[in-house]
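Notes follow once the structure below has been shown.
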Amino acid sequence: MSGHDSEQRLLYESLERALGPLCALPEDPGEWPAAAWQTVEAHGMLDVLAEEPQAWPLAVTIAAALGEYPVPLPIVETLLVRAFDPDAARGAPATLEAADGALPWGRFCRTALIGREGSCARTTLEDVQHTGANLAGEPRDQCRIGAAEPLAVPVQRLASGLALLRAAQCAGAMRACLNLSRQYVLERVQFGRPLSRFQAIQQQMAQLAGACAAADVGVQYAGRRTRQAGLDEAAEAIACAATRVLSAAAEVSAIAHQVHGAMGFTLEYPLHRYTQRLGAWSAELNLGGWAERLGGRALARGGGDFWDGIVKI
Amino acid sequence: MHFELLELPSACEALRGEVRAFLNEHIAERSPVDRALSWSGGDPEFSRRLGARGWIGMTWPKRYGGGELSALQRYTVLEELLAAGAPVARHWIADRQSGPMLLRVGSEAQKDAILPAIARGECYFCIGMSEPDSGSDLASVRTRAEKTGGKWVINGSKVWTSGADQAHYMIALVRTGDAGENRHGGLSQFLLPMNTPGVEVSPIPSLGGDSDFNQVTFTDVELDDDALLGEEGAGWSQVTSELALERSGPERFLSSLQLLIVLCDALGPEPEPLAKRAIGECTAELAVLRQMSLSVAGMLEAGEDPGVQAALIKDLGARFEQSLVNTAQRLLPIAPALRGPGSDYAHVLRRISQLAPSYSLRGGTREILRGIIARGLGLR
Ligand SMILES: Cc1cc2nc3c(=O)[nH]c(=O)nc-3n(C[C@H](O)[C@H](O)[C@H](O)COP(=O)(O)OP(=O)(O)OC[C@H]3O[C@@H](n4cnc5c(N)ncnc54)[C@H](O)[C@@H]3O)c2cc1C
């Protein structure tokens, strides 16, 4: 992560320590893993935006860590709910309506933020109608919605916040793909030498690293813009991050699988945990229509102002 | 492979406005197809004006004609020049790499004699690296300099030398001794005035159109001792740092911007959703490359060596720019014509279609850059 900034590094290390052991939880735990949630609550990561509304770069770092250490709990969702709803209960998980209309981990949550006529509303979830799962096996549920209490938050703002953190999760998962692939090609021997000695492999690894770096810079930049200007003003930077992450994710996933050979196709080896999440989260980002919106704005400005638009993102 | 985000100080935004006003005054009439030449389009008068404005050699010490400004101020000026398609070719190489090399390894006399003229926009350089038998394998160059009677005598030839027909000097990488075991020994750099007897320049017509590259031959070219640049035998490490300068700038992803500009205008404000999406993808790619590139500018300013990061940006930038022709054709199919009437879009598309193959060759090929990145990953 941001290696030069020692504060960031310390934070990242504390996240690694907290999240690492929880990655072993099953994606679909059946029962609410209360002890694991307690660990997450105790760390403080869920409250960073509730305590400091400008702390988006920190939230991005947390989300990226959750991409690299994909704990199957509604951490990003709860963090966002607490950011937007000052009355959100502490100690319990909460969720929000994802771009596909599903409620991540809805089965374990009592409250959710949903969109109602362009605004956010707080609802209670009465009971679970359908339990589903995304490509990676993360719960994506439909629930019966109780009374909805409107909040003074445009739904687009919530969508931006969620897109930013999903994109950051993707960037973290890509980092994991890079690390796994790097290790694998250094260790796996064919034709009497490690795969890393083959130029075709080196060239693909370079491409993989390029995509990872672009995704990482995209989300970091969007996090910084959001801290400075707020989610509404930073919408274009977030759209850039989401859009760049989408193309990078496809490339990273394909290359990581290619250099792993059949091993990466097994359920025993961890690569799929990252590539399937990249697939699931990309699909969610894709539904947000971020690229269309970004292009629509550029076209409305016209060619003469295209560059100025880039500079001001 | 770390990229630390960097924020341009607010002074840069004021400077940006000044550059835009200057460009409005001086190149408002420049046509889109000429702008599309990007940094391979040149105009001596423009270079002189830019020099007079203090925007060449911006970071160099004042005593050599520089402005003692920051690398970030320089970055701001460069990106505005590139975005506008200003005709910067004449001074570009001197400002980007030859001048900085002189500052790093040149003698006092060399610096005094040449840097102020570069900063005035009156002295141009070309890059003497590639040879007929040495492209990617640069260490294999065969052009030789022999010391005879207090003079250096150079024989051999350089090729693909951009701007050699207009340049006043070449920084030439030549062999002065045996390669030794690691192949990197025995190389030296020379500061070679292009008007020295025995130097012959022949243009090589190319897809680059007006901006041809050249073959340069040296037949018993005699140079004084003080034409040696830096240390005898240190040519390899010197040329490596020259290449880092050559690869690190925003020209590596902004040279086809004119195509995006005319494409946006030709599509109009409300095209079909897929067109919006494609333009959005280009916007995102450019905006992210710009942040990566700013980060490299920050590392350079801090005295770090961002060689791997620069290779990574150049590779991503070339791939992005090369994909633009296809994107444009997909969204707005027209047959690019070499001659005859046509819209701005048709002409710019033709020019960028022709230039595009060079993006992943010049300044180091895609394969060589990826090799550098792989080394950065510890794979070789
Ligand atoms: C428009 C333009 C302007 C230029 N201007 C200048 C200039 O001003 N001064 C100057 O000195 N040079 C200049 N060059 C030359 C440029 O630096 C070379 O083209 C480049 O270094 C590649 O060398 P080459 O063309 O001989 O190709 P080669 O090295 O012969 O390579 C041909 C192909 O083989 C690949 N290849 C080569 N070696 C390897 C390897 N080890 N592993 C895998 N693949 C490999 C290359 O990547 C490339 O795809 C210019 C080139 C262009 C196109």
Quiz item: Measuring heavy-atom distances to chain B, does A/V311 have an atom under 4.5 Å in its side chain, in its backbone, in both, or in neither?
Solution: both

Quiz prompt | Segment of A/I310 engaging chain B (4.5 angstrom heavy-atom cut-off) | solution = both

Counting heavy-atom pairs closer than 4.5 Å to chain A, which one of [options] comes out on top?
| options | result |
| --- | --- |
| B/L369, B/T283, B/I373, B/L257 | B/T283 |
| B/E281, B/E285, B/M1, B/R366 | B/E285 |
| B/Q309, B/R375, B/E270, B/R20 | B/R20 |

Just checking, any donor-acceptor pair under 3.5 angstrom between side chains of [X] and [Y]?
| X | Y | answer |
| --- | --- | --- |
| A/N179 | A/Q183 | no |
| B/S70 | B/Y75 | no |
| B/S38 | B/E251 | no |
| A/W307 | B/E79 | no |

Exercise. Examine A/R193 relative to A/F198 and say whether NZ or CZ is less than 6.0 Å from the centre of the six-membered ring and inside a 45° cone about the ring axis.
Key: yes

Side chain, backbone, both or neither: which part of [X] has a non-hydrogen atom closer than 4.5 Å to chain A?
| X | result |
| --- | --- |
| B/E367 | both |
| B/L316 | side chain |
| B/L8 | neither |
| B/L289 | neither |

Exercise. Give the C-alpha distance, both sets of side-chain angles, the deciding distance and a yes or no for ring-ring contact (aromatic ring centres under 6.0 Å, His included) between B/H26 and B/F46.
Key: CA-CA 8 Å; B/H26 295 292; B/F46 181 83; 7.1 Å; no

Practice problem: Take atom CD of A/E52 as the centre, draw a 6.0 Å sphere, and report whether it contains more than 12 heavy atoms from other residues, nucleotides or ligands. | Solution: yes

Out of [options], which one racks up the most heavy-atom pairs below 4.5 Å with chain B?
| options | answer |
| --- | --- |
| A/Q228, A/Q199, A/E236 | A/Q228 |
| A/G302, A/A242, A/C240 | A/C240 |
| A/R224, A/Q204, A/Q202 | A/R224 |

Practice problem: Evaluate the ring planes of A/H260 and A/Y269, with Trp represented by its six-membered ring, and classify them as parallel (under 30°), tilted (30 to 60°) or perpendicular (over 60°). | Solution: tilted

